[in-house]
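Values below: every heavy atom of this structure, side chains too, minus hydrogens, waters and symmetry copies. Note that the structure is predicted; figures quoted are calculated from it, not measured. All chains are named by letter (A, B, ...) in the order of the sequence lines, taking the proteins before the strands, and each is independently numbered beginning at 1.
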There are 2 protein chains.
Amino acid sequence: MDKTKLLKELRNKGYKVTPQRQEIIEVLSEREGHQSAEEVHKRICSHYPAMGLDTVYRNLALLRNLNIVSEINFGGKNRYELNRDGDGHSHHLICLGCGVSQKLDFCPLDYFDWNKVLKKDFKVKNHRFEIFGYCSHCIQIEENEGEGEE
Amino acid sequence: MDKTKLLKELRNKGYKVTPQRQEIIEVLSEREGHQSAEEVHKRICSHYPAMGLDTVYRNLALLRNLNIVSEINFGGKNRYELNRDGDGHSHHLICLGCGVSQKLDFCPLDYFDWNKVLKKDFKVKNHRFEIFGYCSHCIQIEENEGEGEE
DNA sequence: CACCCAATTAGGAAACATTCTTAATTACTA
DNA sequence: TAGTAATTAAGAATGTTTCCTAATTGGGTG
């Protein structure tokens with residue numbers, strides 16, 4: 001979905017098309033993977049210093065609710081990505097080193113035996129599936145660090 | 001795995017068996033589902049008011065690193081659960097209303113085509129799979145709230 | 001049993017991401 | 001072009017988690 005279309009969709013739904021929103025959508029569409037609110041804010045500020053961090057959060061939440069971006073949480077913060085395909089639903093392979101993510105062509109729910117769940121009268125709202133690890137660039141760094149945890 | 005065994009394991013690995021650690025393990029073993037650090041702290045404080053919240057966090061992190069408890073994140077906070085089975089690896093069906101979780105007898109990785117991933121030279125460290133929704137008790141509450149988000 | 005010392009603790013301060021509050025500004029409609 | 005509700009910036013506030021420091025304590029050793 002391209003930027004112009006998204007802005008039109010916003011206007012149709014009664015939301016104002018502000019320069020801030022345009023900037024956020026622009027920055028999201030420039031990159032493939034996930035970006036944190038802080039990253040989005042920083043990148044916009046480099047040429048639009050008046051941008052407020054709160055505005056970034058507020059609009060990312062709006063776009064998430066409109067199913068225009070998807071949000072995932074790792075490393076203690078939320079990250080956002082434009083839904084480029086239709087259903088706004090995807091899973092990722094994520095590098096713990098550099099944070100780069102790669103879309104997976106796989107959804108566990110396609111293989112899940114729903115009879116076991118539906119029997120329990122559970123109303124499914126959403127799900128999460130992510131694989132974490134280290135990409136080829138970050139493997140060496142990780143090996144040097146070793147098991148430096150508690 | 002029972003409590004006495006866990007305490008013995010801690011001692012064998014060179015960690016001290018403090019009353020605080022015993023309390024934390026006790027509280028975790030009393031309930032099936034996930035508990036937040038704050039919940040654990042509150043429950044301990046009810047009969048052991050000197051317990052520090054920081055101590056709860058510190059020890060939950062220790063137990064997580066020792067693979068004795070597993071940590072999942074939802075609703076903006078981490079929650080912890082004792083690993084009662086062997087490998088310390090499980091997935092859950094989680095109610096967004098009451099937070100009660102139910103273990104799933106399913107792991108997506110068993111159905112995942114690893115050739116696609118390994119080809120990319122990616123070192124897998126861990127993964128996440130959870131299904132969120134509303135349990136039979138919370139469905140009605142959720143329906144009354146409607147789509148009150150934006 | 002008494003001693004010792006590294007591990008552990010409580011408490012408060014700090015860090016961190018995120019949300020709220022408020023008054024001012026602005027996009028869109030008529 | 002004016003009116004108005006939505007949106008904004010800025011900083012304050014919130015909530016979770018971690019860090020710091022001095023005091024305490026578990027458990028091995030003599």
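Contact annotation for A/P49: no contact, since no heavy-atom pair falls under 4.0 Å across all strands. Nucleic acid contact for A/K16: base, since at least one base atom lies under 4.0 Å from a heavy atom of the residue. Among the atoms of the strands shown, base atoms are found under 4.0 Å from some heavy atom of A/R58.
Going from atom OH of A/Y57 over to atom P of D/dT14 covers 18 Å, rounded to whole Å. As a whole-Å value, the separation of A/R11 CZ from C/dT26 P is 17 Å. Rounded to whole angstrom, the span from the CD atom of A/Q22 across to the P atom of D/dT7 amounts to 14 Å. Distance B/Y80 OH to D/dT16 C1': 10 Å, rounded to the nearest Å. The CD-P distance, from B/E38 to D/dT16, rounds to 5 Å in whole Å. Taking atom CD1 of A/I24 as the reference point, atom P of D/dT7 lies 12 Å away to the nearest angstrom.
Relative to the ring axis of B/F129, A/R128 does not place its NZ or CZ within 45° and under 6.0 Å from the centre. For the pair A/R21 and A/Y15, the cation-pi criterion (under 6.0 Å, within 45° of the ring axis) is not fulfilled.
One N or O donor and one acceptor, one from the side chain of A/D54 and one from the base of D/dA10, sit under 3.5 Å apart.
Along DNA chain D, the nucleotide closest to B/G76 and the one closest to B/P19 are compared, and the more 5′ of them pairs with B/G76.
Surrounding OH of B/Y48 are more than 12 heavy atoms belonging to other residues, nucleotides or ligands, all under 6.0 Å away.
The side chain to side chain donor-acceptor pair (under 3.5 Å) contacts involving residues 94-104 of chain A comprise A/H34-A/S101, where partners must be two or more places apart or lie in separate chains.
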